[in-house]
Amino acid sequence: MTSNVRVRFAPSPTGKLHIGGARTAIYNWAFARANGGTFILRIDDTDPTRSTEQNTQIILRAMRWLGLDWDEGPEVGGEFGPYSQTERLDLYREAAERLLAEGRAYPCFCTAEQLSQDREAAQARKDPFQGYQRRCRDIDPDEARRRMDSGEPYTLRIKVPADRGDVVIRDAVHGEVVFDAKELDDFVIFRSDGTPTYNFATVVDDALMGITHVIRGDDHLSNTPRQVMVYEALGAPVPVFAHISMILGADGKKLSKRHGATSVEEYRDAGYLSDAFVNYLSLLGWSLDGETTVIPREVLAREFSLDRISKNPATFDPKKLDWMNAEYINRMDDETFVECILLPSLRDAGLIDEGFDADPSWLTALAAIVRPRTKMPADAAVVAAPVFATANTLVYDEKSVAKGLAKEGMGDILNAARAALEAISPKSWSAPAIDAALEPLPDELDAKKRIVFQAVRVAECGNMVSPPLGETMALIGRDDCLARIDRARSMAL
RNA sequence: GUCCCCAUCGUCUAGCGGCCUAGGACGUCGCCCUUUCAAGGCGAAGAUCACGGGUUCGAAUCCCGUUGGGGGCACCA
């Protein structure tokens, strides 16, 4: 299915891609995919002082990690390029000159001092309108031309038509939003240094690129009537807008550094799965049916719709993100879990090296006990650590030893356990065999189940908390299990 | 100051006039499973639908106002 839907995500490279931007990108991407449209990535770098190439690269990398592939934009090109604003300066100049020639824009020679004076005066006389007072709007065009040619500094301002009534914006999430054109001032579209302003450049780009739907943050809603003025001056069709609410921190304030990680790549580095992250973010302000929470990206790309976007600002909840991540880990197939979570985690923790090789069935058995205990990839290594230790290198947790081993009678328990385990032949060393061997011990020793297994657990794993004993010991191997008991014996009384 | 937006469990949300004594998810709590920890299963608590007026036979849903939050009003984006 193809359609003429064209949407764009247009970050300005003044910083990293943050959570709010990522969510906007996801919505644009999903909307394009769901409608067989085109997803465009454009770099809005009109502010040369704050934009950097490095930030652009970080944003592209984050987009790739999120799995948001763009059809037109940096690196892939497209017939509406170039796709960064610094390369489009001529297009803005052309558009501005046309508007000037048509009398839809005019030069303004007011100085910054003059303007702030006017603003203060308006404030002082409690004028409800505190915008530009239109001093230069009626300067004779010929005189204006002379002053421009003489080198006098000027900006270009849009001329809001005198008879323009209400400006009605069609917004897919807010419905019709009405602004009184009287509130609009003749805002600057070109600075005196010859660069375009944001409100002008974006509209020129969106018009030239044939953008049909503008999905962006709520903070632009109040600017939209100004932009509509530019579309109309340009004679371009006005797109459908969809203004989405902001994402807040737990204190209800706009999400910022104070709330912890805000950039996409911090979440990647923390070990969050791209799929889980995208799923979680997509639900921050959108719902499929109000019931479903696990929504794989293919489903999102098929079912996303603007009319299910919520108007409320959403609070970012790290706990639910964690749950989502665990959910995706739990739903992986074994092979994926081993390749994408377990092995990398073990490597990062230094438990194995690049040349590590293990029997596939052994790895599957390890994965089976590790996976349900893995919320974040790093958890996997923590859980698996005892398996990768040896009797000599195993680290014994002090508290666990004190509580579970260094007590009266523990020596007897370990002796009995050792004997029972030794009775298992190397060939039949397995989880069921180990469980069967250990099972009668409490009765034989007339000791509590809890106490017996706790002692063996600490002896084998160095900790009172571990995955099930039989499975773990099967993975450790018979010889090392026996050796661990020997070592633990010296700690028991 | 002015304009615009928003308002349902702690959080994300469902709800678009009767199906709502308000549904789902996260979190919290309890129980089951169990040698520990998880995972899983079952269940519970939790929202006078911000408040006040209307409209209507009937309102979380429509209208007005109030309050509270947020955003814009720049030669920032």
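Chain letters run A, B, ... following the sequence lines, proteins first, then strands; residues in each count from 1. As the structure is a computational prediction, the values presented were derived from the model and not from experiment.
Ion pair A:Asp397/A:Lys403 not flagged as a salt bridge, since none of the NZ, NE, NH1 or NH2 atoms sits closer than 4.0 Å to an Asp/Glu carboxylate oxygen. Ion pairing between A:Arg93 and A:Glu97 fails under the 4.0 Å rule for side-chain N and carboxylate O. Taking 4.0 Å as the cut-off between side-chain N and carboxylate O, A:Lys319 and A:Asp322 do not count as a salt-bridged pair. Classification of A:Arg157 and A:Asp185 as a salt-bridged pair fails, no side-chain N sitting under 4.0 Å from a carboxylate O.
Side-chain N/O atoms of A:His220 include none lying less than 4.0 angstrom from OP1 or OP2 on B:rA77. OP1 or OP2 of B:rU8 sits under 4.0 Å from a side-chain N or O of A:Asn312. For the pair A:Thr46 and B:rA77, the criterion of a side-chain N or O lying under 4.0 Å from OP1 or OP2 is met.
As a whole-Å value, the separation of A:Phe187 CZ from B:rG72 C1' is 13 Å. Atoms CD1 (A:Ile244) and C1' (B:rU13) sit 16 Å apart, rounded to a whole Å. Nucleotide B:rA7 holds its C1' atom 13 Å from the CG atom of A:Leu248, rounded to whole Å. Taking atom CD of A:Glu327 as the reference point, atom P of B:rA38 lies 17 Å away to the nearest angstrom. The distance from atom CG of A:Asp193 to atom P of B:rA74 is 18 Å, rounded to the nearest whole Å. Between the OH atom of A:Tyr132 and the C1' atom of B:rG72 there is a distance of 21 Å, rounded to whole Å. For A:Met376 and B:rA38, the CE to P distance is 18 Å, given to the nearest whole Å.
Here B:rA39 is the nucleotide among B:rC5, B:rA77, B:rA39 with the atom lying nearest to any side-chain atom of A:Asn330. Ranking B:rA77, B:rC6, B:rC73 by closeness to the A:Arg226 side chain, first place goes to B:rC73. Ranking B:rC6, B:rC4, B:rU11 by closeness to the A:Thr315 side chain, first place goes to B:rU11. For A:Ser287, taking side-chain heavy atoms from C-beta onward, the closest of the listed nucleotides B:rC73, B:rA14, B:rC75 is B:rA14.
The closest side-chain heavy-atom distance from A:Met229 to A:Pro161 is below 4.5 Å. Counting heavy atoms from C-beta on, the side chains of A:Ile26 and A:Trp286 never come closer than 4.5 Å.
Nucleic acid contact for A:Cys110: base, since at least one base atom lies under 4.0 Å from a heavy atom of the residue. Using a 4.0 Å heavy-atom distance criterion, A:Thr155 is classed as a base contact. At a threshold of 4.0 angstrom between heavy atoms, the contacts of A:Gly404 with the nucleic acid are absent. At the heavy-atom level, A:Arg308 lies under 4.0 Å from the strands shown only through sugar-phosphate atoms.
In this structure, A:Arg147 is not positioned above the aromatic face of A:Tyr154 in the sense of NZ or CZ being under 6.0 Å from the six-membered ring centre and within 45° of the axis.
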Counting primed atoms plus P, OP1 and OP2 as sugar-phosphate and everything else as base, spell out the protein contacts along nucleotides 61-68 of chain B at 4.0 Å heavy-atom distance: B, S or - for each nucleotide, 5' to 3'. --------

Quick one: what's the B/S/- string for nucleotides 21-36 of chain B, heavy-atom cutoff under 4.0 Å, read 5' to 3'? --BBBSS-------BB

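For B:rC75, the base has a donor-acceptor partner in the side chain of A:Ser192 [N/O atoms by modelled type, under 3.5 angstrom].
Contact record, A:Val278 with A:Arg297: CG2-NH2, 3.5 Å, taken as the closest heavy-atom pair.
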One pair to check against ring-ring contact (aromatic ring centres under 6.0 Å, His included): A:Tyr27 and A:His213. What are the steps and the verdict? CA-CA 11 Å; A:Tyr27 285 8; A:His213 302 255; over 10 Å; no

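To the nearest whole angstrom, the two C1' atoms, one in B:rC51 and one in B:rC6, are 16 Å apart. B:rG41 and B:rG46: their C1' atoms are spaced 22 Å apart (whole Å).
Under the Watson-Crick or G-U wobble criterion, with both distances below 3.5 Å, B:rC19 has no partner in any strand shown. Across all strands shown, B:rA38 has no partner, as no Watson-Crick or G-U wobble contact with both distances under 3.5 Å is found.
Of the possible donor and acceptor atoms, none in the side chain of A:Asn312 sits under 3.5 Å from a partner among the backbone N and O of A:Ser245.
In terms of position along RNA chain B, the nucleotide closest to A:Pro372 lies nearer the 5' end than the nucleotide closest to the other residue of the pair A:Asp219 and A:Pro372.
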